[in-house]
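What follows is a set of notes on a single structure, which appears directly below.
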Amino acid sequence: MALDHPVLTKRIPTPPWGDPRDRKLIDIDMYFDTGGYEGLKKAMGMKPNAVVELVKEAELRGRGGAGFPAGMKWSFLPPVDGDRRYLAVNADESEPGTFKDRLLLDYDPHLLLEGIAICMHACQLDTSYIYIRGEYHQQAKTLKYAVNEAYENKIFGNESLLGQINGRMPQCYVHRGAGAYICGEETGLLESLEGKRGWARIKPPFPAVAGAFGRPTIINNVETLAMVGPILELGVNWFKSMGVPRPDGIPSTVPASYGPKLFGVSGHINRPGIYEEELGIKMSHLIEEFCGGMRDGAKFKSAIVGGISTGVIGPDDYDAQLDFDVGAKYNCLGLGTAGVIVMDEHTDMVAVARNIAQFFSHESCGQCTPCREGTHWMYQLLSRIERGQGYAKDIDLLHEVAGSMGALPSGQGSTICGLADGANWAIRTIVDKFRNEFETRVKKKPQILQSVESVNDG
Amino acid sequence: MAWIVKNSATMQIERREDPYLDDELKKMLETEVIPRFPSRQAATLPVLHAVQHKHSWIPYQALEEAAEFLETSASQLLDTASFYDDFWLNPKGRYLIMMCQSVSCELLGQMDLLESIKAKLQIEPGQTTEDGKFTLMTVGCLGSCDTAPCALVNETLHENLTTENFGQILDGLE
Ligand SMILES: Cc1cc2nc3c(=O)[nH]c(=O)nc-3n(C[C@H](O)[C@H](O)[C@H](O)COP(=O)(O)O)c2cc1C
Ligand code: SF4
Ligand code: FES
């Protein structure tokens with residue numbers, strides 16, 4: 001299985017089609033010369049609603065982590081009322097193990113801007129904010145440069161070819177974040193955009209109804225929007241010729257896994273990087289054909305499938321099929337961002353769990369007690385297990401604490417947002433799948449006996 | 001992140017004559033940033049970034065000035081500013097080293113790298129060298145896991161780091 005030709009990395013030299021050393025920034029002239037903004041042209045010849053229907057029909061699913069169908073999200077918008085409506089582009093990319101959006105921002109920013117323009121037309125949104133993480137200094141500069149070019153070429157601004165939307169000329173702004181993972185969560189992002197701390201909001205209302213500044217707002221990931229131009233240009237059938245269709249008998253309301261996707265692979269492999277393939281590719285294929293195999297010929301042990309929030313798959317899942325059903329098939333949270341972290345046989349899974357717990361305990365925004373306290377306790381428990389000072393009962397305690405937090409049923413609906421679900425799944429899947437590693441690390445006797453002994457010894 | 005304890009009400013704010021948010025900066029923000037949003041408060045992050053870009057950190061007096069400019073309260077602004085790791089409410093070194101400590105980087109040797117930098121600079125993460133040159137921080141994933149381990153030094157990303165090449169990079173800074 002391999003794509004016939006790259007789409008998202010069409011202009012970004014990437015194996016097997018090109019050499020990463022040849023990468024350079026595609027400016028707007030080069031973008032036009034290589035078929036750029038053709039999708040937008042097509043979209044502008046269509047009624048806004050027809051564009052939404054087309055994206056819906058393509059079943060493009062969000063590439064930012066949750067996999068929600070983009071067309072469906074777009075169709076949740078209320079009818080236009082003449083007042084402002086917003087697009088918030090999620091370029092916060094802070095999920096550990098994820099670096100795919102950066103590739104597009106670094107080299108082909110107009111692919112994103114074209115998607116933004118199409119979305120603004122389709123959904124009748126007059127203002128878009130590209131919320132980019134603060135640490136992406138270079139990327140923010142590149143993006144501002146590209147946005148300027150787009151203004152000069154009448155994509156946005158007072159002379160925009162899109163014309164008036166909601167009685168206003170369409171504007172596009174780059175907005176820098178300031179180092180908070182929670183601002184990647186869509187409602188945390190909106191709070192941050194409004195100038196406040198990035199506290200996730202309780203839903204409903206959903207952003208499509210009441211989002212930024214209380215107005216209808218669409219939030220999409222960079223890669224999701226980058227995919228929209230090619231879909232318009234090449235069509236729904238082309239898009240659906242790739243990926244994994246619905247199995248027979250599954251109702252059409254359940255979204256499938258169509259189209260090309262960026263996979264970012266890092267960890268113990270020879271050639272880490274971003275590779276474009278169709279959804280459903282086997283992880284082993286990704287590792288062997290694209291990444292030059294495992295480093296130092298070591299054996300595969302485990303992988304994080306799509307950023308640390310998705311949790312791990314085990315030694316037997318080397319051939320895991322990477323599509324949106326990966327969660328159900330291999331008992332993890334889901335495909336997430338498709339940022340795959342590969343770990344070899346020498347990896348200490350207790351240390352991996354500790355690393356992840358530390359991240360979540362630092363990044364929890366603190367609103368929900370199970371998340372704020374739970375992530376912190378998991379970090380403490382894991383640190384002491386790693387130091388060899390944990391007790392057997394700590395393993396079950398860890399499992400229990402992890403399972404008590406999250407917005408999903410697996411987290412008992414105890415929190416506002418999905419950050420806690422990530423912490424829950426990451427820690428629980430590591431403990432479940434590598435329990436023996438935890439057991440050999442803890443002290444065998446229950447704590448109470450240990451303390452009795454130490455009293456007697458004393 | 002949200003755990004920064006605010007100084008008590010008795011805290012003395014150091015003041016200076018010259019405003020941090022001077023007329024030139026205000027004019028730039030007024031024409032280029034404020035019009036982007038339907039509310040002035042929404043310009044908070046851009047304004048704080050601008051102040052920090054100019055002064056390297058955000059003193060309390062600057063927060064008060066920014067609050068006035070944004071037509072919000074200083075406490076609201078402190079609430080926002082203190083939430084974000086990238087806003088410095090205390091002075092930092094001339095070079096801010098942000099070393100990634102997330103999974104991919106740790107798998108590829110970040111811990112040894114951190115030990116070597118700590119030994120070299122004689123500081124722990126969160127501290128600044130005595131000469132005010134370096135501040136060392138450990139941070140979450142920097143979005144460059146394919147070139148792990150990596151670190152940002154001010155606005156420049158350094159990739160595929162080893163004890164040797166990172167030492168040389170730091171030595172080469174003025
Ligand atoms: C804690 C947390 C962090 C997130 N971080 C990001 C992020 O950095 N980038 C992103 O695109 N989506 C992120 N998401 C997902 C967003 O909430 C949202 O689902 C997504 O941006 C929607 O875009 P999409 O439908 O195009 O994927 C995060 C979600 C959670 C719960
Ligand atoms: S789940 Fe955690 S990160 Fe999300 S809102 Fe609650 S405390 Fe904040
Ligand atoms: S884990 Fe270090 S850059 Fe992603």
Side-chain angles (χ1 to χ4, degrees), chain A residues 84 93-99 101-102 127 129 133-139 171 173 175-183 192-199 212-213 215 264-268 271-274 304 307-308 339 341 343 347 351-352 355-356 358-359 362-367 372, chain B residues 1-3 32-33 35-50 52-53 66 70 72 76-88 98 100-108 110-111 137-148 150 152 154-157 160:
Chain A
R84 285 179 189 278
E93 189 152 80
S94 308
E95 174 75 30
T98 309
F99 48 105
D101 296 339
R102 203 192 83 208
T127 307
Y129 300 103
R133 66 177 298 188
E135 293 82 355
Y136 277 2
H137 295 280
Q138 194 51 48
Q139 290 72 20
Q171 310 289 343
Y173 304 113
H175 193 87
R176 291 184 58 221
Y181 170 67
I182 188 63
C183 294
S192 178
L193 182 64
E194 293 181 6
K196 304 174 216 159
R197 47 169 64 195
W199 272 6
F213 311 103
R215 294 291 303 161
V265 198
S266 63
H268 295 137
R271 268 199 310 274
I274 306 280
I304 287 164
I308 59 170
I341 305 176
M343 294 171 273
T347 310
V352 171
N355 181 303
I356 292 174
Q358 199 268 342
F359 177 83
H362 182 76
E363 297 297 340
S364 167
C365 84
Q367 285 185 95
R372 181 187 64 241
Chain B
M1 78 177 13
W3 320 120
E32 288 176 31
V33 177
R36 297 176 184 178
F37 310 100
S39 80
R40 281 186 87 87
Q41 194 190 343
T44 296
L45 265 59
V47 167
L48 293 178
H49 272 306
Q52 183 162 287
H53 188 73
L70 294 166
T72 175
Q76 168 61 49
L77 218 59
L78 179 61
D79 185 84
T80 299
S82 63
F83 182 78
Y84 295 91
D85 286 352
D86 286 357
F87 290 137
W88 286 77
M98 292 180 23
C100 172
Q101 60 173 358
S102 283
V103 179
S104 301
C105 286
E106 186 176 325
L107 288 176
L108 294 173
Q110 173 269 340
M111 285 200 158
M137 299 294 291
T138 50
V139 298
C141 179
L142 287 170
S144 187
C145 324
D146 52 343
T147 55
C150 58
L152 266 176
N154 288 351
E155 299 191 359
T156 310
L157 183 71
N160 296 311

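Note on naming: letters A, B, ... go to the chains in the order of the sequence lines (proteins, then strands), and numbering restarts at 1 for each one.
Taking chain B as the reference chain and counting heavy-atom pairs below 4.5 Å, the highest number among A:His268, A:Arg271, A:Gln171, A:Glu93 is found for A:His268. For the set B:Thr72, B:Leu107, B:Leu45, the entry with the most heavy-atom pairs within less than 4.5 Å of chain A is B:Leu107. Among the candidates B:Leu70, B:Leu48, B:Leu77, B:Thr80, the residue making the largest number of heavy-atom pairs closer than 4.5 Å to chain A is B:Thr80. Counting heavy-atom pairs under 4.5 Å between each of A:Gly97, A:Gly198, A:Ala212 and chain B puts A:Gly198 at the top. Contacts with chain B were tallied for A:Ser192, A:Gly273, A:Gly339; A:Ser192 has the most, counting heavy-atom pairs under 4.5 Å.
Looking at B:Leu152 and A:His137, their side chains come closer than 4.5 Å, going by heavy atoms from C-beta outward. Between B:Pro38 and A:Phe213 the shortest side-chain heavy-atom distance falls below 4.5 Å. In this structure the side chain of A:Glu135 reaches within 4.5 angstrom of the side chain of B:Asp86, judged on heavy atoms. Side-chain contact between A:Arg197 and B:Asp79 is present, with at least one heavy-atom pair separated by less than 4.5 Å.
When the ring pair (Phe, Tyr, Trp, His ring centres under 6.0 Å) test is applied to B:Phe37, the partners found at least two apart in sequence or on another chain are A:Tyr129, A:His175.
Distance check: A:Asn355 CG to B:Met111 CE gives 7.0 Å after rounding to the nearest 0.5 Å. Rounded to the nearest 0.5 angstrom, B:Leu142 CG and A:Phe99 CZ are separated by 13.0 Å.
Checked by atom type and distance alone, the side chain of B:Asp146 never pairs as donor or acceptor with a backbone atom of A:Ser266 at under 3.5 Å. Side-chain atoms of A:Arg102 come within 3.5 Å of backbone N or O of B:Gly143 as a donor-acceptor pair.
Looking at B:Leu108, the atoms closer than 4.5 Å to chain A (heavy atoms on both sides) all sit in the side chain, from C-beta outward. Interface residue A:Thr98: only backbone heavy atoms are found under 4.5 Å from chain B. Using a 4.5 Å cut-off between heavy atoms, B:Gln101 touches chain A through backbone and side chain atoms alike. Using a 4.5 Å cut-off between heavy atoms, A:Glu95 contacts chain B through its backbone alone, with no side-chain atom that close.
Counting all heavy atoms, side chain and backbone alike, A:Ala178 lies closest to B:Tyr84 at O-CB, 3.4 Å. Minimum interatomic distance between B:Pro35 and A:Tyr173 (heavy atoms only, all atoms of both residues): O-OH, 4.4 Å.
Tested against A:Ile341 for a side chain to side chain contact (heavy atoms under 4.5 Å, CB included), the candidates B:Ser104, B:Ser102, B:Cys145 yield a single pass: B:Ser104.
A side-chain donor-acceptor contact under 3.5 Å links A:His362 and B:Asp85.
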